[in-house]
Engineer: 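I'd like to ask some things about the structure below.
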Amino acid sequence: SGGVTRLGSADGGVVEIVEMYLREISPDIETEAEDIAVALFSELLIADQLARSRIAKVLPRGMELSQFSVLNHLSRVNDERSPAQLARAFHVTRGAMTNTLNKLEWAGHIHIRPDWDDARRKFVAISPSGRAARDAAVQAIAPLIADIVQALGEPKLRIVLPILRELRTRLELGDQA
């Protein structure tokens, strides 16, 4: 097993589920841990790229995926966040987040105000225009997501979602190290 960290419980439950699934869709795949890890991350990266590309194509004109992501986050939390908090939440640099926030502010989708207790800090909130833009983007994305859910089937997605959540959680823990 050559140094590959196994995911899941102590008995490797997640890896066994992934191995079973991979054998089902591709019976000739090698089941060594390294091969599974490479196959898993290859599929995740390709799926991420394809999903980003397809979503970007259906977003409202002028909206970038990064902007939609920030608007969606602010809409979900329904509270102000500092630019640093947003940068951490999206695992990007403060400079990259500042660029995205400047574009959103210019479009009128967010309000940025100073922290009244510490003038060096700022707070970001979604504006009514931003909420409307986010809702329009969700409406544009919804058919794409519905098609994928229908094609894959809800039972498969119910199986894979906990695995993907655990994978995300473990990757986030690695960022904190």
Side-chain angles (χ1 to χ4, degrees), residues 7 14 40-177:
L7 301 175
V14 171
L40 173 65
F41 278 89
S42 292
E43 291 299 328
L44 288 171
L45 293 172
I46 292 167
D48 175 65
Q49 183 61 41
L50 292 170
R52 287 173 176 275
S53 175
R54 289 186 66 186
I55 289 170
K57 286 178 185 173
V58 300
L59 285 174
R61 185 175 191 89
M63 183 179 287
E64 298 172 9
L65 187 55
S66 60
Q67 295 167 353
F68 167 72
S69 297
V70 170
L71 291 176
N72 196 47
H73 180 78
L74 290 171
S75 178
R76 269 189 310 105
V77 298
N78 204 28
D79 197 12
E80 294 178 314
R81 292 290 186 261
S82 72
Q85 288 173 314
L86 291 169
R88 277 193 306 276
F90 288 98
H91 304 277
V92 298
T93 65
R94 289 181 186 198
M97 184 54 64
T98 297
N99 184 41
T100 299
L101 294 176
N102 286 340
K103 291 176 182 178
L104 287 170
E105 185 179 37
W106 184 85
H109 295 326
I110 60 169
H111 299 297
I112 300 177
R113 70 164 182 88
D115 179 346
W116 307 122
D117 297 325
D118 182 352
R120 297 169 297 174
R121 293 178 38 154
K122 297 177 182 179
F123 282 107
V124 180
I126 191 167
S127 69
S129 165
R131 203 170 291 281
R134 178 257 181 207
D135 292 347
V138 167
Q139 291 295 337
I141 294 168
L144 173 71
I145 294 169
D147 288 347
I148 292 170
V149 169
Q150 172 121 24
L152 292 174
E154 199 173 314
K156 282 184 184 175
L157 295 176
R158 288 190 186 281
I159 291 169
V160 78
L161 275 173
I163 297 167
L164 291 173
R165 281 189 188 112
E166 182 176 353
L167 177 61
R168 176 186 44 83
T169 300
R170 289 179 178 269
L171 289 170
E172 286 173 343
L173 290 174
D175 279 353
Q176 296 169 7

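The analysis underlying the following values was restricted to heavy atoms, covering all of them including side chains, and did not include hydrogens, waters or symmetry mates.
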Engineer: Restricting to non-hydrogen atoms, name the atom on S127 and the atom on G108 that form the minimum distance, rounded to 0.1 Å.
Structural biologist: OG-O, 2.6 Å
Engineer: Sequence neighbours left out, what passes side-chain hydrogen bond (donor to acceptor under 3.5 Å, both in side chains) with E154? Give chain and number order.
Structural biologist: R158
Engineer: Does anything in residues 75-93 form a salt bridge (charged side-chain N to carboxylate O under 4.0 Å, His left out)? List the pairs, not counting sequence neighbours.
Structural biologist: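 Matches after skipping sequence neighbours: D79-R81, E80-R113.
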Engineer: Heavy-atom distance under 4.5 Å between the side chains of Q49 and L45, does that happen here?
Structural biologist: no
Engineer: About how many Å separate OG of S66 and CG of N99, when rounded to the nearest 0.5 Å?
Structural biologist: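 Those atoms lie 7.5 Å apart.
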Engineer: So which atom in A140 and which in V58 form the shortest heavy-atom distance, rounded to 0.1 Å?
Structural biologist: CB-O, 3.1 Å
Engineer: In the structure I gave you, are the side-chain heavy atoms of I141 and F68 within less than 4.5 Å of one another anywhere?
Structural biologist: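 Side-chain contact under 4.5 Å: yes.
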Engineer: For A107, what residues pass the side-chain contact (heavy atoms from CB on, under 4.5 Å) criterion, not counting sequence neighbours?
Structural biologist: H109
Engineer: In Å and rounded to the nearest 0.5 Å, what is the CG to NZ distance from L144 to K57?
Structural biologist: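 NZ of K57 is found 10.5 Å from CG of L144.
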Engineer: Could you walk me through whether I145 and R54 satisfy the side chain to side chain contact (heavy atoms under 4.5 Å, CB included) test, starting with their C-alpha distance in whole Å, then the side-chain angles of each, then the deciding distance to 0.1 Å, before giving a yes or no?
Structural biologist: CA-CA 10 Å; I145 294 169; R54 289 186 66 186; over 6 Å; no
Engineer: Measuring from atom CG of L173 to atom CZ of R168, what distance do you get when rounded to the nearest 0.5 angstrom?
Structural biologist: 10.0 Å
Engineer: With sequence neighbours left out, write down each residue that passes side-chain hydrogen bond (donor to acceptor under 3.5 Å, both in side chains) with N72, or none if nothing qualifies.
Structural biologist: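 For N72 the side-chain hydrogen bond (donor to acceptor under 3.5 Å, both in side chains) partners, ignoring immediate neighbours, are R134.
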Engineer: Check salt bridge (charged side-chain N to carboxylate O under 4.0 Å, His left out) between D48 and all other residues, then give those that pass, not counting sequence neighbours.
Structural biologist: R52
Engineer: Just so I know, are the side chains of L164 and L44 near enough to count as touching, which here means a heavy-atom distance under 4.5 Å?
Structural biologist: yes
Engineer: Kindly write out the residues that satisfy side-chain hydrogen bond (donor to acceptor under 3.5 Å, both in side chains) with T169, not counting sequence neighbours, or none if the list is empty.
Structural biologist: none
Engineer: Can you confirm whether Q139 sits close enough to P60 that some side-chain heavy atom of one is under 4.5 Å from a side-chain heavy atom of the other?
Structural biologist: no
Engineer: Within the distance-only criterion (no hydrogens, no angle test), does the side chain of S69 pair as donor or acceptor with the backbone N or O of L65 below 3.5 angstrom?
Structural biologist: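 Such a contact is found between S69 side chain and L65 backbone.
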Engineer: Rounded to the nearest 0.5 Å, what's the gap from CD on Q150 to CG on L157? Could you check?
Structural biologist: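 Taking CD in Q150 and CG in L157, the distance rounds to 11.5 Å.
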Engineer: Report the distance from atom CD of E172 to atom CG of L167, rounding to the nearest 0.5 Å.
Structural biologist: 10.0 Å
Engineer: Scan residues 90-103 for pairs that pass salt bridge (charged side-chain N to carboxylate O under 4.0 Å, His left out), counting only residues two or more places apart or in two chains.
Structural biologist: E64-K103
Engineer: For I112, give me all partners under side-chain contact (heavy atoms from CB on, under 4.5 Å), at least two apart in sequence or on another chain.
Structural biologist: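 So I112 forms a side-chain contact (heavy atoms from CB on, under 4.5 Å) with L101, E105, I110, K122, V124.
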Engineer: Using every non-hydrogen atom in the two residues, find where P128 and H111 come nearest and quote the distance to one decimal.
Structural biologist: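 Minimum heavy-atom contact is CD-NE2, 4.2 Å.
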Engineer: Quick one: list whatever passes salt bridge (charged side-chain N to carboxylate O under 4.0 Å, His left out) with D135, sequence neighbours left out.
Structural biologist: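 None.
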Engineer: Not counting sequence neighbours, which residues clear side-chain contact (heavy atoms from CB on, under 4.5 Å) with R120? List them please.
Structural biologist: D118
Engineer: Among residues at least two apart in sequence or on other chains, which ones pass side-chain contact (heavy atoms from CB on, under 4.5 Å) with A96?
Structural biologist: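 V92, T93.
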Engineer: Does D117 have any side-chain hydrogen bond (donor to acceptor under 3.5 Å, both in side chains) partners at least two apart in sequence or in another chain, and if so, which?
Structural biologist: none
